[in-house]
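Read through the structure below, which is laid out as structure tokens, and then see the notes.
Scope of the values below: all heavy atoms of this structure, side chains included, with no hydrogens, waters or symmetry mates.
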Amino acid sequence: IFEPYEADFDSFNALVLRPAREAFKAAREKYLRPYPGVRETLDALRARGLRVVGLTDAPRNAAELRLKHLRLDGHFDALYTLPAYPLPENVDPEIRRKEEAGQYRSRTTVVELPHAAEKPSPDGLARILADFGLSGAEVLYVGDNVKKDMPVAQACGATGVWAEYGTYVSAEYRERLAVISAKSVTRRHVAEETGVRWPLAISSFVQVLGLVDGGARAPRARPAAGRTRGRGAAARAPRTGRR
């Protein structure tokens, strides 16, 4: 993107990049919100003495910023991400200054995983289990992507919980994504419509508390007559201490 404009990058930055960044920031501040009850539920889980750990396919930079924007920083014991992306050589000097000053970093402990740990690889969850000294049977794994998240839970012996509320995407939104997002990116981060469902499902993150207290275990996935719509989810919350 930058190479054709290297001779006059300052003009390109002022006329194209900065307005685009500001428009994105304005939209994010207006629309980006946690699902209802997420903060309260995370706090309730930790009040029970349980560990709350996030596992995401986002690069570290983006994942940490998302925690800060959603005001979820400090609600997790740790966050496991893919490697951070490097800042472009011609990035706005103010962004580089803030990055070097640590202004984009979260208060949450962050662990960068290798790219090979991208889901549905179970390597990320396996690393969490090893780091926290847990067995899969002690973990409740919540995710909204049946094809990427649930195989991770199965492979590690954890209880997989399908966050079905994270799959509700309007046709209009999908059409917009098809226009502005590369197919390869959409395919990686937005769950395709699928007939596969997961028996243990929740319609609100608040229901995780009931599962923790009730000790539900998930059977195997099964095909369903209907179809579902999916997209990349919010936090994953392994837990310890209760069945």
If I take atom CG from residue Asp123 and atom SG from residue Cys156, how far apart are they, to the nearest 0.5 angstrom? 8.5 Å
Looking at residues at least two apart in the chain, or sitting in another chain, which of them share a side-chain hydrogen bond (donor to acceptor under 3.5 Å, both in side chains) with Arg97? Glu94
Sub-3.5 Å donor-acceptor pair from the side chain of Thr108 to the main-chain atoms of Gly74, do we have one? yes
Flag yes if more than 12 heavy atoms outside Arg21 fall under 6.0 Å of its CZ atom; otherwise flag no. yes
Check: Leu70 main-chain N/O paired with Arg39 side-chain donor or acceptor under 3.5 Å: yes
Step by step, would you call Arg105 with Arg60 a side chain to side chain contact (heavy atoms under 4.5 Å, CB included)? CA-CA 9 Å; Arg105 300 303 300 264; Arg60 177 189 55 77; 3.1 Å; yes
Roughly how far, to the nearest 0.5 Å, is CD of Gln103 from CD1 of Ile95? 11.5 Å
Tell me the closest heavy-atom pair linking Arg46 and Phe76, and the distance in Å. NH1-N, 3.7 Å
Show me the donor-acceptor pairs, under 3.5 Å and distance only, between side chains in residues 78-88 and residues at least two apart or in other chains.
| residue | atom | partner | partner atom | Å |
| --- | --- | --- | --- | --- |
| Tyr80 | OH | Asp131 | OD2 | 2.7 |

Give a yes or no answer on whether the side chain of Arg33 reaches the backbone of Glu29 with a donor-acceptor pair at less than 3.5 Å. yes
Neighbour count above 12 (heavy atom, 6.0 Å) for Arg28 CZ: yes
Check whether Glu164 reaches the backbone of Ile202 with its side chain - one donor and one acceptor, N or O, closer than 3.5 Å. no
In chain order, what residues pass the side-chain hydrogen bond (donor to acceptor under 3.5 Å, both in side chains) check against Ser181, with sequence neighbours excluded? Thr186
Just by distance, do the side chain of Gln207 and the backbone of Ser204 share a donor-acceptor pair under 3.5 Å? yes
Mark yes or no for whether Asp73, through its side chain, and Leu67, through its backbone, hold a donor-acceptor pair below 3.5 Å. no
Could you tell me which residues satisfy side-chain hydrogen bond (donor to acceptor under 3.5 Å, both in side chains) with Arg18, sequence neighbours excluded, listed by chain and number? Asp92
For the residue pair Tyr141 and Asp149, confirm or rule out a side-chain donor-acceptor distance under 3.5 Å. yes
Residue pairs passing the ring pair (Phe, Tyr, Trp, His ring centres under 6.0 Å) test where at least one lies in residues 7-26, sequence neighbours excluded: Phe2-Phe9, Tyr5-Phe12
Listed by chain and number, what are the side-chain hydrogen bond (donor to acceptor under 3.5 Å, both in side chains) partners of Glu40, not counting sequence neighbours? none
Taking 4.0 angstrom as the limit, do Lys68 and Glu64 come out as a salt bridge? no
Look at the side chain of Trp162 and the backbone N and O of Pro199, then say whether any donor-acceptor pair between them is shorter than 3.5 Å. no
